Student: 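Below is a structure I'd like to ask you about.
Keep in mind it's a predicted model, so treat the numbers as computed, not measured. To find a chain, count down the sequence lines: A is the first, B the second, and so on, and within it residues start at 1.
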Number of protein chains: 2
Amino acid sequence: MKKDTKSRLIDEAEILFSRNGFYGTSINDVAKKLGVSKQALLHHFTTKEKLYAAVLEEAANYLLQQLDSIKQSHNKAKKQLSEFILEISQPNDKQLRVIILLLRELLDNQERADKVSKWFLGPWLDALVGIVEQAQRDGHYEQYDPMAFLYHLLGAVQYFLISQPTLKQLYGEEAFESQKKAHMALLVNIVEHT
Amino acid sequence: MKKDTKSRLIDEAEILFSRNGFYGTSINDVAKKLGVSKQALLHHFTTKEKLYAAVLEEAANYLLQQLDSIKQSHNKAKKQLSEFILEISQPNDKQLRVIILLLRELLDNQERADKVSKWFLGPWLDALVGIVEQAQRDGHYEQYDPMAFLYHLLGAVQYFLISQPTLKQLYGEEAFESQKKAHMALLVNIVEHT
DNA sequence: AAACGAACTTACCGAACGGTAAGCAGATTC
DNA sequence: GAATCTGCTTACCGTTCGGTAAGTTCGTTT
């Protein structure tokens with residue numbers, strides 16, 4: 001049941017790319033962490049860009065799969081949305097890494113705007129918008145544009161997530177905990193009682 | 001009235017750091033863009049980190065100054081907040097660069113959490129929270145925690161801002177324009193009619 | 001048992017990286 | 001007018017970067 005080197009390289013690259021960004025990560029570092037040579041990595045991916053693309057593809061699959069599992073566990077679109085917001089608000093390590101990767105992509109994509117991000121974000125966003133639209137058909141959030149509503153939620157959640165280390169350091173652990181509570185309360189208020 | 005080399009280096013570094021991040025920017029590139037040697041840059045800043053710190057300091061000053069100018073133009077806290085949200089929602093080039101720098105800092109700061117970001121974000125956040133608290137004393141937004149409410153707005157605005165190139169490319173120019181309208185409408189709705 | 005392809009290894013490579021050392025022109029100070 | 005300081009320059013350095021070339025090892029196929 002041991003993972004093969006290729007997928008272990010992707011996992012390790014995901015950690016380092018999310019932590020240090022594309023330019024801040026060297027393929028040598030990735031390979032060394034697994035105890036293999038840099039050329040073993042290049043044997044599987046030929047270039048650094050292709051390794052990065054593999055990481056993004058993996059991240060996209062993760063996001064879509066997560067959404068799919070939520071869809072299967074809950075029938076009502078509104079419940080699906082609130083469950084989704086709840087999950088990404090309290091992410092595990094992997095989820096947090098994927099969110100950071102996503103944000104880095106948005107930043108780096110600022111003028112590049114290449115094709116990689118297209119499939120990385122597109123299907124996931126579309127699926128989410130689909131949920132909001134279904135919820136609207138069920139009679140919720142009707143005063144809002146679906147995409148704007150969704151983006152608003154995503155922005156608020158993800159921005160707070162990546163700010164957490166800074167906020168902790170800025171205001172201390174216990175002050176931060178009450179901030180987090182207030183943040184979650186505001187989120188729940190929007191999703192549940194709008 | 002010509003700017004000296006040092007501040008021109010900061011300006012150019014701000015452009016490149018915001019576009020490509022810390023690791024994606026070389027001090028050679030920065031110097032070359034101004035037609036001076038790399039050692040001219042090192043003469044003024046001694047290390048790349050110090051150049052980066054100078055850029056962050058400049059960015060922090062810009063944010064605080066922007067806020068100050070809004071405070072002086074409007075008396076009521078609620079009006080100050082709505083004006084602020086409006087301004088950063090439609091940023092000029094410099095504002096956009098500063099916002100991107102800020103987001104990059106949050107991402108890179110994820111585990112580093114060093115002192116640099118402390119002064120970079122701290123006073124600005126405190127000033128903004130102060131405005132929200134004043135608005136609450138005037139009878140607005142009373143159902144929310146000030147920090148959570150502010151962070152919610154900041155997140156929604158900034159996340160949408162950095163997504164613009166990707167959204168344009170994903171859905172086309174005219175679809176994006178209507179998304180933007182819906183996004184602005186939602187924002188105005190929150191700030192004005194809560 | 002010969003051939004083969006996948007999964008690596010060691011040995012390199014040129015370019016770019018951040019940074020040091022030394023010098024030099026020109027304005028300022030003593 | 002000699003010395004000094006500022007703002008640069010060219011020359012150079014060791015390290016690391018992504019990537020190439022050429023094996024080697026080993027299980028599988030023929």
Student: Could you give the CG-to-P distance, from A/D4 to C/dC8, as a whole number of Å?
Tutor: 8 Å

Student: How many whole angstroms separate atom CZ of B/F45 from atom P of C/dG18?
Tutor: 15 Å

Student: Rounded to whole angstrom units, what separation is found between the CG atom of B/N28 and the P atom of D/dT10?
Tutor: 12 Å

Student: Between B/Y141 and B/V191, which heavy-atom pair has the shortest distance, and what is it?
Tutor: OH-O, 2.9 Å

Student: Could you tell me the separation between the CG atom of B/L51 and the P atom of C/dG19, rounded to a whole number of Å?
Tutor: 10 Å

Student: Expressed as a whole number of angstroms, how long is the span from B/K6:NZ to D/dG7:C1'?
Tutor: 12 Å

Student: Search all heavy atoms of B/G122 against all heavy atoms of A/L170 and return the closest pair with its distance.
Tutor: CA-CD2, 4.0 Å

Student: Does C/dC17 have OP1 or OP2 sitting under 4.0 Å from an N or O in the side chain of B/S26?
Tutor: yes

Student: Do B/Q136 and B/P146 have side chains that approach each other closer than 4.5 Å (heavy atoms only, starting at C-beta)?
Tutor: yes

Student: Identify which nucleotide among D/dG19, C/dG19, C/dT9 has an atom closest to any side-chain atom of A/A40, counting heavy atoms from C-beta outward.
Tutor: C/dT9

Student: Side chains of B/Y62 and B/E57: do they bring a donor and an acceptor to under 3.5 Å?
Tutor: no

Student: Which part of the nucleic acid does B/I27 contact within heavy-atom distance under 4.0 Å: base, sugar-phosphate only, or nothing?
Tutor: sugar-phosphate

Student: Under 3.5 Å, which N/O atoms of the protein pair with N/O atoms of nucleotides 10-15 of chain C?
Tutor:
{"unit_1": "C/dA11", "atom_1": "N6", "unit_2": "A/Q39", "atom_2": "NE2", "d": "3.0"}

Student: May I ask you to establish whether B/K6 and B/F45 are in a cation-pi arrangement, using a distance under 6.0 Å from NZ or CZ to the six-membered ring centre and at most 45° from the ring axis?
Tutor: yes

Student: From the set D/dG7, C/dC8, D/dG19, return the single nucleotide nearest to any side-chain atom of A/L42.
Tutor: D/dG19

Student: Is the distance from OP1 or OP2 of C/dC8 to the nearest side-chain N or O of A/T5 less than 4.0 Å?
Tutor: yes

Student: To the nearest Å, how far apart are B/H43 NE2 and C/dT20 C1'?
Tutor: 15 Å

Student: Anything under 3.5 Å between a donor and an acceptor, one on a side chain of residues 171-190 of chain A, the other on a protein residue two or more places apart or in another chain? List them.
Tutor:
{"unit_1": "A/Y171", "atom_1": "OH", "unit_2": "B/D126", "atom_2": "OD1", "d": "2.8"}
{"unit_1": "A/S178", "atom_1": "OG", "unit_2": "A/A175", "atom_2": "O", "d": "3.0"}

Student: Between P on C/dA16 and OH on A/Y23, what's the gap in Å once rounded to a whole number?
Tutor: 14 Å

Student: Suppose we call two aromatic rings close when their centres sit under 6.0 Å apart. Are A/Y144 and A/F149 close by that rule?
Tutor: yes

Student: Over how many whole Å does the gap from B/H44 atom NE2 to D/dG7 atom C1' extend?
Tutor: 6 Å

